[in-house]
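Some notes on the structure that comes next.
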Amino acid sequence: MPAAGRPRRTRTARIARKLAVAGTSVAVLALPLIGATSASAATPTVATASSLGYADNLDGWIRASLQVMAEHGIPGTYDGIYRNIIRESSGNPAAINLWDSNAAAGTPSKGLLQVIDPTFLAYHVDGTSWDPYDPLANITAACNYAAARYGSIDNVFGAY
């Protein structure tokens with residue numbers, strides 16, 4: 001505390017106070033300049049099966065993913081996705097593999113299409129959740145990976 005007994009104001013606090021006195025609209029415009037974070041920024045919309053008009057079930061998740069995939073030029077069909085989901089997780093979006101070599105290395109496979117975190121992050125598709133257990137995000141990222149590696153999820157007939 002300074003000798004005068006009043007707490008010292010930081011530069012940011014002084015600027016914010018001056019801007020508040022000048023008017024709210026000026027302060028709002030200047031927030032990014034004084035360190036405001038995502039609280040002042042618009043939150044991006046994340047697609048879900050429901051937000052795209054589909055049911056919140058396996059059929060809806062696949063159909064919603066096919067819509068997002070089409071928007072991003074990612075190939076794949078309903079049958080190819082469904083076949084791989086049933087083999088990988090039996091349709092359980094919370095599935096996690098804790099016993100294979102990926103799990104032993106500390107990166108278990110997760111979600112409907114059993115994607116490991118590094119693959120999910122590398123092939124994540126904009127507009128979907130960053131949660132690897134989110135059905136739409138998991139399917140879409142896995143199909144994006146399969147397209148890059150095999151040409152399409154339709155060409156995957158075993159563990160990938």
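Side-chain atoms of Thr140 come within 3.5 Å of backbone N or O of Leu136 as a donor-acceptor pair. Within the 3.5 Å criterion, the main-chain N or O of Ala49 finds no donor-acceptor partner in the side chain of Arg63. In this structure a side-chain-to-backbone donor-acceptor pair under 3.5 Å is missing from Asn97 to Gln114.
Of all the heavy atoms in Val156 and Ala146, the pair that sits closest is CG2-CB, 4.1 Å. For Glu88 against Leu112, the heavy-atom pair with the smallest separation is CB-O, 3.7 Å. Taking both residues in full, the closest heavy atoms of Ala137 and Phe120 are given as O-CE1, 3.6 Å, listed atom of the first, atom of the second, then distance. Closest approach of Ile81 and Met69 over heavy atoms only: CD1-SD, 3.9 Å.
Taking hydrophobic clusters as Ile, Leu, Val, Met, Phe, Trp and Tyr residues chained together by side-chain heavy-atom distances below 4.5 Å, Ile86 does not share a cluster with Phe157. Grouping the Ile, Leu, Val, Met, Phe, Trp and Tyr side chains by contacts below 4.5 angstrom, directly or via other members, places Val115 apart from Leu98. In the hydrophobic clustering of ILVMFWY residues, with side-chain heavy atoms under 4.5 Å counting as a link, Trp130 and Ile116 come out apart.
By the 4.5 Å heavy-atom criterion applied to side chains, Cys143 and Ile153 are counted as neighbours. Under the 4.5 Å side-chain criterion, counting only non-hydrogen atoms from C-beta, Val46 is not in contact with Asp134. Within the 4.5 Å cutoff, the side chain of Ile85 has heavy atoms near those of the Leu113 side chain. The closest side-chain heavy-atom distance from Pro75 to Asp154 is not below 4.5 Å. Considering only heavy atoms from C-beta on, Ile139 stays 4.5 Å or farther from Thr128 through its side chain. Counting heavy atoms from C-beta on, the side chains of Trp61 and Asn138 never come closer than 4.5 Å. Side-chain contact between Ile62 and Ser65 is absent, with no heavy-atom pair separated by less than 4.5 Å.
Aromatic ring pairs are classed by plane angle as parallel below 30°, tilted from 30° to 60° and perpendicular above 60°; the pair Tyr150 and Tyr145 is perpendicular.
At a cut-off of 3.5 Å, with distance as the only test, a side-chain donor of Tyr78 or Asp59 sits close to an acceptor on the other residue.
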Kindly list each side-chain donor-acceptor pair under 3.5 angstrom involving residues 104-111, sequence neighbours excluded, with atom names and distances?
{"unit_1": "Thr107", "atom_1": "OG1", "unit_2": "Asn102", "atom_2": "O", "d": "3.3"}
{"unit_1": "Lys110", "atom_1": "NZ", "unit_2": "Asp117", "atom_2": "OD1", "d": "3.3"}
{"unit_1": "Lys110", "atom_1": "NZ", "unit_2": "Asp117", "atom_2": "OD2", "d": "2.9"}

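Expressed to the nearest 0.5 Å, how far CG of Leu52 lies from OH of Tyr54 amounts to 6.5 Å.
Within a 6.0 Å radius of OH in Tyr160, other residues, nucleotides and ligands contribute more than 12 heavy atoms.
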